[in-house]
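If you're wondering where the values come from, they're calculated on a predicted model, not measured in any experiment.
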Amino acid sequence: MTRPARQAAAGGRPLRRTAEAPSRRVAPARAAGRPAEAPERPARLDRPSVVIVVPAVLALAAGLWDLGGPPPWRDEAATVSAAGRTLPQLAHLLQSVDAVHGLYYALMHMVAGLSGTAEVALRIPSIVAGALAAAGTGAIGRALGAPRAGLYGGALLALMPIFSRYVQEARPYAMTAAAAVGVTLLLLRLLRSPTSAVLAAYAAALTVLAYLNLFAFLLVGAHGLAVILSRGPLLRWACAAAPALAAVAPLAWLGSRQSAQVGWIPRPDAADVGGLAVQLSGDLGGATGPGVAPLTWALALFGLGYAAVAGVRRAHAARRAESPADNPAAEPAAKRAEAPAEERAQTPATLVRLTLPWLLVPALVLLAASWAVHPVYVFRYVFCCVPAAALLAGAGLAALPPGLAAAVLTAWLGLSVPGQLATRGPDGRQDDPRPVMALLAAEAKPGDGVLFVPAKVRKYEAVYPSVLGRLRDVALARSPERDGSFPGREVGPRVLAARLDSLHTLWVVGHTGKNALPARRRALVARSFAPAGRWTFRGLFVDRYDLRPAHRSNGAGVGK
């Protein structure tokens, strides 16, 4: 056993990897009479208090930065609507829609009971989950014997624009990422000590992961491949994954009955694959450009190459260890070969065997299913794979000399700034209801009518009750809470015509993807109202209709 190995064993710390060569040169430096403080600096970066806490603090800082800046988009409006309902109303909702988000909505119901349904309050759990995901990423690196890779990987994850995008919203995807990291930590524990308690904890964690996001359960396939590549206890792992699969089956069945919820998803094309490569490596894509993605991929590929070289070197050392009589220098290698399994596992290759399936398997399976069976691919469904890319890039940084690693990290941070600013701006989400509400607050009078196109735009009533609550929802027959849905139940044309009779001004609010009233409703409106203005915002539009002059002079109901 070499001197660094003996020092690691004596101190109870795991054997350090080849990437940490500077720390293995500590003994000669001390023999030459150099100060002891300088060689200790790299070791400080490997301490749990640094590897775990620093990424968590960075994630909290990035998440809290301008938390109220991103506009609440349509999916967050669904969270507000669900969280504000009573438990019986929430159960009624999940019977018809969004059963796959039931656990998240239940958690948000408790949060809303404590802090209300303001968007910032409902985003706080995602911020906390983001901090846990970043800290857990550092912990994974440390558990693999690569604390420096964990530290860099957790910091990169915390500061990725795509990470901020999903951490700063009231949706379950940040929690899903944190759960994926936690499940992976339990997998490492299972590989080292497959006791009944660990197997049970792993199965329970897999179940929670699936109930936060059903598609995230694809991570179990990545874990299975990692166990095979690591020559781990495959049968015991399967015994833990099987009960989790059984527990998730009812949710999958119920979700399949609500498949209309994903009916809007198009079949993926080459642009989606390119966007996946950009987003998995940390940036938003689209108008912001690739951002940090090329540098992240370069670091990840460098980490893979470094692991391959280290693996070849270990293979040569193992062959030399087989014949110590012919090669006297092989005795240290033979002693290393007899080291405990935990020390031998702490190599760059171990990190690759874990992270590469995690990065690729869920995304590729979802893409293949979307091409071959039914379109279900949306990036946020595989957002839980981003920590794997961060870990691979962290391994690449850890393999660089400290000065060069600091320079590359600085360049990476500079490239991340445009994406960070974009995700917090008015174009950071699919739609922006704030200018719509500002227009209605300024122009609409109490008692004016409002129509929603399509009806699910009515979800914004839960987000902006002070604005939309002043208007008459002329199409509503049964409220969303009573109907067990997000859009509620709407009236037929005769009732709608009667309700339009008493109006002087009608406002139509809708999604720009469906920017027109249905033909029958348009005919009803055109009989008595004339267009008086149209405003288009990001993802939303507003039309104003005023009562025609002839109807003003002869009475609101004349001519109908």
Side-chain angles (χ1 to χ4, degrees), residues 98-104 129 133 136-137 140 162 166 171-188 190 202-230 232 234 237-256 258-259 261-262 265 267-268 272-273 275-277 279-281 352-392:
D98 266 1
V100 293
H101 296 316
L103 176 59
Y104 176 74
T137 300
I140 289 175
I162 196 68
Y166 290 101
R171 295 300 287 168
Y173 306 110
M175 290 187 183
T176 302
V181 170
V183 170
T184 304
L185 278 169
L186 284 170
L187 174 70
L188 295 178
L190 185 153
Y202 178 74
L206 274 177
T207 304
V208 171
L209 173 67
Y211 274 78
L212 284 171
N213 181 4
L214 184 60
F215 291 119
F217 193 70
L218 293 172
L219 184 64
V220 74
H223 281 184
L225 181 57
V227 173
I228 294 172
L229 294 175
S230 302
L234 183 61
W237 170 83
C239 289
L245 180 62
V248 171
L251 178 67
W253 174 80
L254 187 55
S256 67
Q258 299 176 359
S259 59
Q261 286 298 110
V262 293
I265 299 177
R267 196 171 299 276
D272 292 306
V273 177
L276 172 65
Q279 293 171 312
L280 274 179
S281 52
V352 172
R353 287 194 293 266
L354 176 70
T355 55
L356 206 55
W358 181 3
L359 177 66
L360 298 178
V361 169
L364 293 180
V365 169
L366 207 58
L367 282 173
S370 297
W371 283 321
V373 183
H374 186 278
V376 290
Y377 168 75
V378 179
F379 173 74
R380 56 183 177 268
Y381 296 161
V382 295
F383 171 67
C384 61
C385 300
V386 174
L391 266 174
L392 278 174

Undergrad: Enter the distance from Leu276:CG to Leu366:CG here, rounded to the nearest 0.5 Å.
TA: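 Result: 9.5 Å between the selected atoms.
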
Undergrad: Do you know the tightest heavy-atom contact between Leu206 and Ala244?
TA: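 Residues Leu206 and Ala244, closest heavy atoms: CB-CB, 3.8 Å.
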
Undergrad: Taking it one step at a time, do Asp98 and Tyr104 satisfy side-chain contact (heavy atoms from CB on, under 4.5 Å)?
TA: CA-CA 10 Å; Asp98 266 1; Tyr104 176 74; over 6 Å; no

Undergrad: Got a second to check how far Leu186's CG is from His223's NE2, nearest 0.5 Å?
TA: 9.5 Å

Undergrad: Can you tell me if Trp358 uses its side chain to pair, donor with acceptor, with the backbone of Cys384 under 3.5 Å?
TA: yes

Undergrad: Minimum heavy-atom separation for Val248 and Ala210, please, with both atom names.
TA: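 Of all heavy-atom pairs spanning Val248 and Ala210, the closest is CG2-CB, 3.3 Å.
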
Undergrad: Counting C-beta onward and ignoring hydrogens, is there a side-chain heavy-atom pair between Leu245 and Val220 closer than 4.5 Å?
TA: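 Side-chain contact under 4.5 Å: no.
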
Undergrad: Could you report the tightest heavy-atom contact between Val100 and Leu214, atom names first, then the distance?
TA: CG1-CD2, 4.2 Å

Undergrad: Please report the closest heavy-atom contact between Pro387 and Thr137, naming both atoms and the distance.
TA: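 Reported closest heavy-atom pair: CB-OG1, 3.8 Å.
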
Undergrad: For the residue pair Pro357 and Val352, what are the closest heavy atoms and their distance?
TA: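 Shortest heavy-atom contact: CD-O, 3.8 Å.
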
Undergrad: Atom CZ of Arg171 and atom CG of Leu212: how far apart are they, to the nearest 0.5 Å?
TA: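 One gets 12.0 Å once the value is rounded to the nearest 0.5 Å.
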
Undergrad: Got a second to check how far Leu354's CG is from Ile140's CD1, nearest 0.5 Å?
TA: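 If we round to the nearest 0.5 Å, Leu354:CG and Ile140:CD1 are 6.5 Å apart.
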
Undergrad: Pair Val227, Leu187 - check side-chain contact (heavy atoms from CB on, under 4.5 Å), show working.
TA: CA-CA 9 Å; Val227 173; Leu187 174 70; 3.8 Å; yes

Undergrad: State the CG-CG distance between Leu367 and Asp272, to the nearest 0.5 angstrom.
TA: 7.5 Å

Undergrad: Is Ser259 reaching over with its side chain to a backbone N or O of Gly255, donor-acceptor style, under 3.5 angstrom?
TA: no

Undergrad: For Trp253, is there any backbone N or O sitting under 3.5 Å from a side-chain donor or acceptor partner on Ser256?
TA: yes

Undergrad: Classify the angle between the aromatic ring planes of His101 and Tyr173 as parallel (below 30°), tilted (30 to 60°) or perpendicular (above 60°).
TA: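 His101 vs Tyr173 ring planes: perpendicular.
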
Undergrad: Please report the closest heavy-atom contact between Ala372 and Arg267, naming both atoms and the distance.
TA: N-NH1, 4.4 Å

Undergrad: Rounded to the nearest 0.5 Å, what's the gap from SG on Cys385 to CG on Leu360? Could you check?
TA: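 Reported value, rounded in 0.5 Å steps: 8.5 Å.
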
Undergrad: Taking C-beta and beyond as the side chain, do Val183 and Val208 meet within less than 4.5 Å on heavy atoms?
TA: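 No, every pair of side-chain atoms sits at 4.5 Å or beyond.
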
Undergrad: Is a side-chain donor or acceptor of Gln279 paired with a backbone partner of Phe379 at a separation under 3.5 angstrom?
TA: no

Undergrad: Report the C-alpha separation of Leu251 and Tyr211 in whole Å, then their side-chain angles, then the decisive distance to 0.1 Å, and conclude whether the side-chain contact (heavy atoms from CB on, under 4.5 Å) test is met.
TA: CA-CA 7 Å; Leu251 178 67; Tyr211 274 78; 3.8 Å; yes

Undergrad: Report the C-alpha distance between Trp237 and Leu190 in whole Å, list the side-chain angles of each, state the deciding distance to 0.1 Å, and finish with yes or no for side-chain contact (heavy atoms from CB on, under 4.5 Å).
TA: CA-CA 8 Å; Trp237 170 83; Leu190 185 153; 4.2 Å; yes

Undergrad: Under the side-chain hydrogen bond (donor to acceptor under 3.5 Å, both in side chains) definition, can you give me all pairs with a residue in residues 359-378, not counting sequence neighbours?
TA: none

